[in-house]
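These notes are about the structure you will find just below.
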Protein chains: 2
Amino acid sequence: MRKETSSNALNEKKINATCGMGYALSLIGGRWKSNILWRLLNSDKLRYSELRRLIPGISERMLVSQLRELEADQLVLRVVYPEVPPRVEYALTDLGKSMRPMLQSISDWGEMHRKVTAED
Amino acid sequence: MRKETSSNALNEKKINATCGMGYALSLIGGRWKSNILWRLLNSDKLRYSELRRLIPGISERMLVSQLRELEADQLVLRVVYPEVPPRVEYALTDLGKSMRPMLQSISDWGEMHRKVTAED
DNA sequence: CCGCATCCTCATCGATACTG
DNA sequence: CAGTATCGATGAGGATGCGG
């Protein structure tokens with residue numbers, strides 16, 4: 001049935017994309033996407049099982065669904081190798097790679113202020 | 001009872017703050033916060049009722065709760081003027097203002113790619 | 001190995017009515 | 001004007017078991 005891989009979250013209502021920020025955040029928001037994107041930015045290409053191991057708390061359901069959404073939003077490319085046992089690799093598309101500066105600036109701000117506000 | 005104004009979302013589990021990105025996103029994530037921050041960045045100081053009018057879909061409950069969280073996270077300053085009728089103004093703290101480059105880069109990416117992926 | 005389907009929980013959010 | 005209180009709906013996310 002495919003449920004039409006509902007791309008990102010602002011299809012109907014959801015995030016107010018009054019400014020582009022709402023749109024961008026709808027793509028990277030949620031609990032897992034930023035983590036997934038971050039891994040792919042640093043590893044350039046990863047297998048499903050590698051992602052599972054890299055992201056400790058994630059369930060299979062979530063990993064798959066988030067990857068599918070990222071794929072539908074054209075941020076991530078999914079490559080299936082018709083082998084046995086099966087092998088599937090995920091990599092960033094050009095669009096996904098174009099997020100690097102944005103993600104980097106988010107990461108930078110976070111790294112810089114995490115210690116200040118929440119002295120861990 | 002005050003429910004201890006639970007600051008941001010990563011108190012217990014929630015977003016994986018493995019990298020600073022998770023932390024930053026936990027502060028600006030959700031449906032409304034980016035919008036609120038954006039208004040305050042461009043207006044430097046706004047009253048409660050002005051925010052309500054500027055952000056069409058938001059309910060009072062949400063506006064208040066999001067403002068309280070932003071305040072607890074030290075991004076927004078709340079100033080109460082002991083007048084009648086009451087007047088309350090919200091403005092960005094220095095920490096909030098320090099988000100400008102990050103928010104700008106998010107906005108930039110969104111504005112640039114919104115038309116491409118979702119030809120509206 | 002790489003998923004999908006199902007069931008379920010619980011936080012989040014919307015609407016409404018009310019208050020200092 | 002600037003909120004608070006309460007209730008109900010919704011949907012993201014977790015656990016588990018099965019399938020190609």
Side-chain angles (χ1 to χ4, degrees), chain A residues 1-16 25-36 45-72 76 78-90, chain B residues 1-16 22 25-26 29-36 45-71 76-91:
Chain A
M1 184 56 78
R2 299 294 297 149
K3 78 183 282 280
E4 67 186 78
T5 40
S6 60
S7 85
N8 65 67
L10 51 73
N11 282 337
E12 311 182 4
K13 22 198 179 180
K14 289 293 182 175
I15 289 204
N16 309 43
L25 287 173
S26 75
L27 299 184
I28 66 173
R31 183 169 174 186
W32 303 109
K33 283 181 182 171
S34 61
N35 202 317
I36 296 174
K45 141 180 138 181
L46 287 170
R47 298 184 59 168
Y48 175 83
S49 51
E50 292 177 315
L51 281 167
R52 273 219 75 183
R53 254 172 279 124
L54 284 170
I55 306 175
I58 199 168
S59 68
E60 300 194 346
R61 196 179 98 77
M62 275 300 107
L63 180 52
V64 172
S65 78
Q66 299 306 290
L67 284 170
R68 289 292 180 282
E69 286 187 21
L70 291 170
E71 196 190 351
V76 162
R78 178 173 178 262
V79 181
V80 183
Y81 295 86
E83 310 169 351
V84 49
R87 180 160 58 103
V88 179
E89 287 179 349
Y90 294 91
Chain B
M1 184 56 78
R2 300 294 294 148
K3 78 184 283 283
E4 67 186 81
T5 39
S6 61
S7 83
N8 65 67
L10 52 73
N11 282 336
E12 311 182 4
K13 22 195 178 183
K14 289 292 181 177
I15 288 205
N16 308 42
L25 287 174
S26 76
R31 183 170 174 185
W32 303 110
K33 282 180 182 171
S34 62
N35 202 318
I36 296 173
K45 141 179 137 182
L46 287 170
R47 299 182 59 167
Y48 175 82
S49 51
E50 292 177 315
L51 281 167
R52 273 220 75 182
R53 253 172 279 122
L54 284 171
I55 306 174
I58 200 169
S59 70
E60 301 194 345
R61 199 178 96 77
M62 276 301 107
L63 180 52
V64 172
S65 79
Q66 299 306 289
L67 283 170
R68 288 290 182 285
E69 287 186 22
L70 291 170
E71 196 190 349
V76 162
L77 187 65
R78 178 173 178 261
V79 181
V80 183
Y81 295 86
E83 309 170 352
V84 48
R87 180 160 57 104
V88 178
E89 287 179 350
Y90 294 91

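By convention in this document, chain letters (A, B, ...) are assigned in the order of the sequence lines, proteins followed by strands, and residues within each chain are numbered from 1.
Nearest nucleotide to the R47(A) side chain, out of dG13(D), dC2(C), dG3(D): dC2(C). In the set dT4(D), dG14(C), dA2(D), dT4(D) carries the atom at the smallest distance from any side-chain atom of V64(B). Among the nucleotides dC4(C), dA2(D), dG13(D), the one closest to any side-chain atom of V88(B) is dA2(D). When the nucleotides dC1(D), dC13(C), dG14(D) are ranked by their closest atom to the side chain of P86(B), dC1(D) comes out on top.
R68(A) has a side-chain polar atom (N or O) that falls below the 4.0 Å cut-off from OP1 or OP2 of dG3(C). Not one side-chain nitrogen or oxygen of Y90(A) sits closer than 4.0 Å to the OP1 or OP2 atom of dC2(C). Put simply, R31(B) has no side-chain N or O that comes within less than 4.0 Å of OP1 or OP2 on dA11(C). Residue S59(B) places none of its side-chain N or O atoms closer than 4.0 Å to OP1 or OP2 of dA15(C).
If you take CD1 of I58(B) and P of dG14(C), they are 8 Å apart, rounded to a whole angstrom. In this entry the distance linking CE of M62(B) with C1' of dG3(D) reads 14 Å, nearest Å. When rounded to the nearest whole Å, the span between OH of Y48(A) and C1' of dG3(C) equals 6 Å. Residue E69(A) contributes atom CD, which lies 12 Å from atom P of dC4(C) at whole-angstrom precision. Rounded to whole Å, atom C1' of dC13(C) lies 13 Å from atom NZ of K33(B).
Judged by distance alone, with hydrogens and angles left aside, R61(A) brings no side-chain donor or acceptor close enough to the base of dG3(C) to form a pair under 3.5 Å.
Position along DNA chain C of the nearest nucleotide to S49(A) versus S65(B) favours S49(A) as the more 5'-ward residue.
Nucleic acid contact class of Y81(A) (heavy atoms, under 4.0 Å, all strands): none.
Using a 4.5 Å heavy-atom threshold, the side chains of Y48(B) and E60(B) count as touching.
Between S65(B) and the choices R61(B), R68(B), M62(B), the side chain to side chain contact (heavy atoms under 4.5 Å, CB included) rule is met once, by M62(B).
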Steps toward side chain to side chain contact (heavy atoms under 4.5 Å, CB included) verdict (E50(B), E89(B)): CA-CA 9 Å; E50(B) 292 177 315; E89(B) 287 179 350; over 6 Å; no
Test side chain to side chain contact (heavy atoms under 4.5 Å, CB included) on N35(A) and L54(A); report intermediate values, then the result. CA-CA 9 Å; N35(A) 202 317; L54(A) 284 170; over 6 Å; no
Assess whether side chain to side chain contact (heavy atoms under 4.5 Å, CB included) is satisfied between L27(A) and K33(A), documenting all intermediate values. CA-CA 8 Å; L27(A) 299 184; K33(A) 283 181 182 171; over 6 Å; no
